[in-house]
There are 2 protein chains.
Amino acid sequence: MKLSTKGRYGVKAMFDLAQHLGEGPIALRSIAERQGISEHYLEQLVSGLRKAGLVKSVRGAQGGYTLGREPGKIRVGDIIRVLEGPLAPVDCVSEEDPEFCAKAESCVTRCIWEKVRDSIADVLDSITLESMLEDAKKLETDRSLYMYYI
Amino acid sequence: MKLSTKGRYGVKAMFDLAQHLGEGPIALRSIAERQGISEHYLEQLVSGLRKAGLVKSVRGAQGGYTLGREPGKIRVGDIIRVLEGPLAPVDCVSEEDPEFCAKAESCVTRCIWEKVRDSIADVLDSITLESMLEDAKKLETDRSLYMYYI
DNA sequence: TGCATATCTTATTAAAATACTCGGGATTTG
DNA sequence: CAAATCCCGAGTATTTTAATAAGATATGCA
């Protein structure tokens, strides 16, 4: 039940883009350096995000990537689904075209995996890049207040 | 974010044992046949479950396995944790000894993985073998009622 | 125009994890 | 004793992961 680096790196990279919103296209190299990710590997991940419309690219010198739409309209769930495939702890309850199983109607364990899938989806779809930016801001002021009292 | 066969087979096998409660020790071979699992592979999984006290073994002819405690006191989460390791979508929020990360205090993505972990744990720890038996019974009567009306 | 900077695309690969398989030993019942 | 069963460790084929590499394409700027 682990996320691969694809999902983790992808969320990091998208959040990095959100943090640099309005600064024009951001080069992958700078994202990779800030987040400590292999640039070439990140390239592959971002390629998928671009095809899904989550980022837009600008080629050539001074090029780079920007968010495909407003941060409030990009959910962490959207990112994870692109990079890790449809949410599903097991294939028979996949969000899209679940694997057929003859016993599905009478399967008790299936109900469990459905609940797990839905609870994960609820969490990931309730968090947007915008809400993450707000959280980061809050974390920042909390920390500076804390420093102040010490 | 997939469960491996270890977790899936393990839950199936434990539920099978619950369904045969009170029939004395159940041989692995019969569980493997009913559930369509490789017997030798299941052996490895059950070995872990035994060390964790979730099943008891009886060696020798007519031997087999029984549940280690009442079905109401065995949560699906207990089974998954034994077979798949501590719940954690990423290592830095592992349920036990999470991987150290210097940026943990100010990490926004970390909060996400914590929420995911907790929501998964909530689901898996709310389901016991006993509640699964009840669900199975209910599914059964629902299906026979349905058949009756056709 | 030409060079530096980027994205884009495909192929290859090393290492790890997964899902078994196999062989043999220990223990108990009939 | 023989059959059934659990117990244990080693070996292995396949798949996935996480990169790495090499080159093609596009663009801004001097």
Side-chain angles (χ1 to χ4, degrees), chain A residues 1-13 17 20 23-33 35-68 80 82-86 88-91, chain B residues 1-13 16-17 20 23-33 35-68 80 83-86 88-91:
Chain A
M1 285 295 275
K2 287 261 163 58
L3 220 56
S4 74
T5 53
K6 288 179 197 168
R8 285 193 287 131
Y9 290 177
V11 173
K12 275 187 168 192
L17 278 182
H20 293 87
E23 298 178 20
I26 308 294
L28 271 196
R29 165 162 303 170
S30 65
I31 300 177
E33 272 171 13
Q35 305 297 333
I37 305 173
S38 147
E39 186 186 344
H40 279 293
Y41 187 43
L42 188 55
E43 221 165 38
Q44 294 174 19
L45 308 186
V46 171
S47 160
L49 295 172
R50 184 176 54 81
K51 282 165 191 161
L54 295 182
V55 300
K56 283 178 202 154
S57 66
V58 178
R59 299 181 70 161
Q62 270 63 57
Y65 293 89
T66 53
L67 291 182
I80 299 289
V82 167
L83 296 170
E84 304 260 349
V90 319
D91 286 330
Chain B
M1 284 295 273
K2 288 263 161 58
L3 220 56
S4 73
T5 54
K6 288 180 198 167
R8 285 193 285 131
Y9 292 177
V11 173
K12 276 186 168 194
D16 190 288
L17 278 182
H20 293 87
E23 298 177 22
I26 308 294
L28 268 198
R29 166 163 302 171
S30 65
I31 300 177
E33 273 171 12
Q35 305 297 333
I37 305 173
S38 146
E39 187 186 343
H40 277 293
Y41 188 41
L42 187 56
E43 217 166 41
Q44 293 175 18
L45 309 186
V46 171
S47 160
L49 295 172
R50 183 177 54 81
K51 281 164 191 161
L54 295 182
V55 299
K56 284 177 202 155
S57 66
V58 180
R59 298 181 70 161
Q62 270 62 55
Y65 291 90
T66 54
L67 291 182
I80 299 289
L83 296 170
E84 305 259 350
V90 318
D91 286 331

* Would you kindly give the CG-to-P distance between A/Leu45 and C/dT9, to the nearest whole Å? => 15 Å

* Phosphate contact (C/dC8 OP1 or OP2) by A/Ser47 side-chain N/O below 4.0 Å -> no

* Asked: Is the phosphate of C/dT21, meaning OP1 or OP2, less than 4.0 Å from a side-chain N or O of B/Ser38?
  -> yes

* Asked: Does a nitrogen or oxygen in the side chain of B/Thr5 sit under 4.0 Å from OP1 or OP2 of C/dA19?
  -> yes

* Would you mind building the protein contact string for nucleotides 21-30 of chain D? One character per nucleotide, 5' to 3', B for base within reach (heavy atoms under 4.0 Å), S for sugar-phosphate only, - for untouched. => ----BBBS--

* **Selected nucleotide, minimal atom distance to A/Ser4 side chain, candidates D/dC7, D/dT20, D/dA18** => D/dA18

* **Minimum-distance pair of heavy atoms, taken over all atoms of A/Gly63 and A/Pro25** => C-CB, 3.7 Å

Let me have the donor-acceptor pairs involving side chains of residues 39-58 of chain A, under 3.5 Å, with sequence neighbours excluded, atom names and distances please.
unit_1: A/Glu39; atom_1: OE1; unit_2: A/Arg29; atom_2: NE; d: 3.3
unit_1: A/Tyr41; atom_1: OH; unit_2: A/Thr5; atom_2: OG1; d: 3.3

* To do: Please determine if a side-chain N or O atom of A/Arg50 lies less than 4.0 Å away from the OP1 or OP2 oxygen of C/dT7.
  => no

* **Rounded distance (Å) that lies between atom C1' of D/dT20 and atom OH of A/Tyr41** => 12 Å

* Rounded interatomic separation in angstrom, taking CG from A/Leu3 and P from D/dT16 -> 17 Å

* To do: Would you mind reading off the distance between A/Lys6 atom NZ and D/dT15 atom C1', rounded to a whole angstrom?
  => 12 Å

* Kindly say if B/Tyr9 contacts the phosphate of C/dC20, meaning a side-chain N or O under 4.0 Å from OP1 or OP2. => yes

* Asked: Taking all atoms of both residues into account, what is the closest heavy-atom pair of A/Ile26 and A/Ser30, and its distance?
  -> CG2-OG, 3.4 Å

* Asked: Can you check the A/Leu42 CG to C/dC8 P distance for me, whole Å?
  -> 12 Å

* Asked: In Å, rounded to the nearest 0.5 Å, how long is the span from CD of A/Glu84 to CZ of A/Arg8?
  -> 9.5 Å

* Closest-nucleotide 5' rank along DNA chain D - winner of A/Glu39 and B/Ile26 -> B/Ile26

* Rounding to a whole Å, what distance do you find between A/Lys56:NZ and C/dT7:C1'? -> 17 Å

* Pairwise distance NZ(B/Lys12) to CD1(B/Ile31) - rounded to 0.5 angstrom -> 12.5 Å

* To do: Provide, to the nearest angstrom, the distance between the CD atom belonging to A/Glu84 and the C1' atom belonging to D/dA18.
  => 12 Å

* **Distance-minimising heavy-atom pair for A/Lys6 and A/Leu83** => O-CD1, 3.3 Å

Tabulate protein N/O versus nucleotide N/O from nucleotides 13-16 of chain C, keeping only pairs under 3.5 Å, one per line.
none

* To do: Send over the distance from A/Tyr65 OH to C/dT5 P, rounded to a whole Å.
  => 18 Å

